[in-house]
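Values reported hereafter were calculated over all heavy atoms of this structure, with side chains retained and with hydrogens, waters and symmetry mates removed.
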Amino acid sequence: HGLIPQPVGPAAKEIGDRWFPLFRWFRNRQWVLTPHALQTDAEVAANLYRVPDGNYVVPMTLASPRSAEATEASSRARFGIGVNVRVEDGGQVRAVYLLTPGVLGYHKLPFQCLKGTLSVTVPRLNVAGLLVLAKSGVFAALDGPPSVVRGSSARIRLTVDNWTAATVPATLTLQDQTTSCQLPPGKSAQVGATVAVPAEATTQRLALRTAAKVGDADLGGMAEVWTDDPLVLQVAAPPNARDDQTADVKVTLLSHAGKGANVRIEPASPAMTFQPASRTVAVTPEQPLTATFAAKPNRAGSAVVQVTAS
């Protein structure tokens, strides 16, 4: 894998910090060829591998990535991606962790295993990511909401999970909070901190000060969460549309409000007409919702689609 021309200076370090943690999981991997072992949403391309320590990894990419800019832009993300894994030893998976170049560090995800199927929902994917289905090892990961709303605060936890057969000494630091303990096999330790994002913040990510030393291993390093507006809006439109055909324009909403609400969506473009002209949908907090509009070009050339949600 490589980039041409090769970046130098800070850009090279930034790319390495964000992508190398994913690629290190590809060493000595074994492709899992069991029929129907992996199922994901149609918009995501994924595969399933077993690595030498017995863990599984699921690399994922958007099926039609637009550009590397999607690492940053929440408007190009996909939300609430379902992943189902069926392997004989799926019941031995102790935890699921998400790695993505969009935000640094491991993020621990809830999952369930029912009738031989392990199911997990990836909260957000921008370009690419990787799931680690852990049966063994020691992991340090953020555990909590994957994003913080601008103008608010959230409680974030740094967790160390010990999936080995030995007790290990662990020291965890998150922001200005530190805790130390002897961590028995199969147990976890946590340290928590409240983080706030100013309403005027313009960055897409919030960097957190983290450190995790387990035995002689340093599992720490910088970790990040997304920063979002109270209502995240994403528009997906085809790159080309003929004037004698209609094309689907999909609008996805993700609300971080404390309660449900009705939201009116109205697309507009001088080069297109839309059916319906507007739509009112009921939005549930933290549950992505997609509304589809049929768009018909009324002239040749390029078109800019603007969407209002109120």
Side-chain angles (χ1 to χ4, degrees), residues 14 18 41 43-44 60 62 65-82 97-110 120-129 131 141-158 174-175 192-210 222-237 250-267 281-291 305-310:
E14 172 84 359
R18 296 193 175 279
D41 292 352
E43 60 192 4
V44 174
M60 304 168 290
L62 293 183
R66 296 174 177 85
S67 73
E69 294 176 5
T71 300
E72 284 273 351
S74 62
S75 62
R76 308 210 175 180
R78 295 295 181 267
F79 300 98
I81 297 166
Y97 307 97
L98 172 67
L99 275 172
T100 170
V103 285
L104 295 175
Y106 288 88
H107 289 252
K108 191 174 182 178
L109 302 181
V120 60
T121 298
V122 177
R124 179 181 311 204
L125 191 67
N126 292 55
V127 180
L131 291 174
L142 292 182
D143 187 2
S147 62
V148 181
V149 178
R150 296 181 182 94
S152 70
S153 61
R155 187 71 176 173
I156 304 294
R157 298 178 301 276
L158 176 65
L174 175 62
Q175 302 295 76
T194 299
V195 297
V197 178
E200 63 274 12
T202 58
T203 59
Q204 297 289 332
R205 298 180 289 252
L206 174 67
L208 305 174
R209 297 185 302 275
T210 64
M222 188 67 70
E224 297 173 328
V225 293
W226 297 106
T227 56
D228 282 340
D229 292 322
L231 181 66
V232 179
L233 185 149
Q234 166 203 319
V235 181
K250 296 183 178 181
V251 180
T252 299
L253 301 177
L254 178 63
S255 172
H256 296 297
K259 60 181 181 179
N262 291 328
V263 178
R264 185 173 183 268
I265 307 171
E266 186 175 359
V281 296
V283 177
T284 302
E286 308 305 330
Q287 298 292 325
L289 182 147
T290 298
V305 178
Q306 293 183 324
V307 176
T308 303
S310 58

Closest approach of [X] to [Y] (non-hydrogen atoms, all atoms of both residues):
X: Thr202; Y: Arg150; value: O-NH2, 4.3 Å
X: Val148; Y: Ala154; value: CG2-CB, 4.0 Å
X: Leu98; Y: Pro123; value: CD2-CD, 4.3 Å
X: Ala223; Y: Leu142; value: CB-CD1, 3.8 Å
X: Gly105; Y: His107; value: O-CD2, 3.4 Å
X: Val120; Y: Pro110; value: CG2-O, 3.5 Å

Using the test side chain to side chain contact (heavy atoms under 4.5 Å, CB included), find all partners of [X] that sit at least two apart in sequence or belong to another chain.
X: Ser153; value: Thr194, Ala196
X: Leu289; value: Val281
X: Pro198; value: Glu200, Ala201
X: Val149; value: Ser152, Pro230, His256

Exercise for review: Could you walk me through whether Leu208 and Leu174 pass side chain to side chain contact (heavy atoms under 4.5 Å, CB included), step by step?
Suggested key: CA-CA 7 Å; Leu208 305 174; Leu174 175 62; 4.3 Å; yes

Point to revise | Contacts of Arg209 that satisfy salt bridge (Lys or Arg N to Asp or Glu O under 4.0 Å) - sequence neighbours left out | key: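 Scan of Arg209 (salt bridge (Lys or Arg N to Asp or Glu O under 4.0 Å), adjacent residues dropped) gives none.
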
Exercise for review: For Glu224, check salt bridge (Lys or Arg N to Asp or Glu O under 4.0 Å) against everything at least two apart and list the hits.
Suggested key: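 Glu224 satisfies salt bridge (Lys or Arg N to Asp or Glu O under 4.0 Å) with Arg18, Arg205 only.
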
What residues form a side-chain hydrogen bond (donor to acceptor under 3.5 Å, both in side chains) with [X], not counting sequence neighbours?
X: Tyr97; answer: Asp161, Trp163
X: Thr252; answer: Thr290
X: Asp41; answer: none
X: Thr210; answer: none

Between [Y] and [X], is there a side-chain heavy-atom distance shorter than 4.5 Å?
X: Arg78; Y: Val44; result: no
X: Ile156; Y: Pro145; result: yes
X: Trp226; Y: Val232; result: no

Check your understanding: Is it true that a side-chain atom of Thr100 and a backbone atom of Ala128 form a donor plus acceptor pair closer than 3.5 Å?
Key ->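 Side chain of Thr100 to backbone of Ala128: a pair is present.
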
Review point. Can any side-chain N or O of Thr227 pair as donor or acceptor with the backbone N or O of Gln204 at less than 3.5 Å?
Key: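 Yes.
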
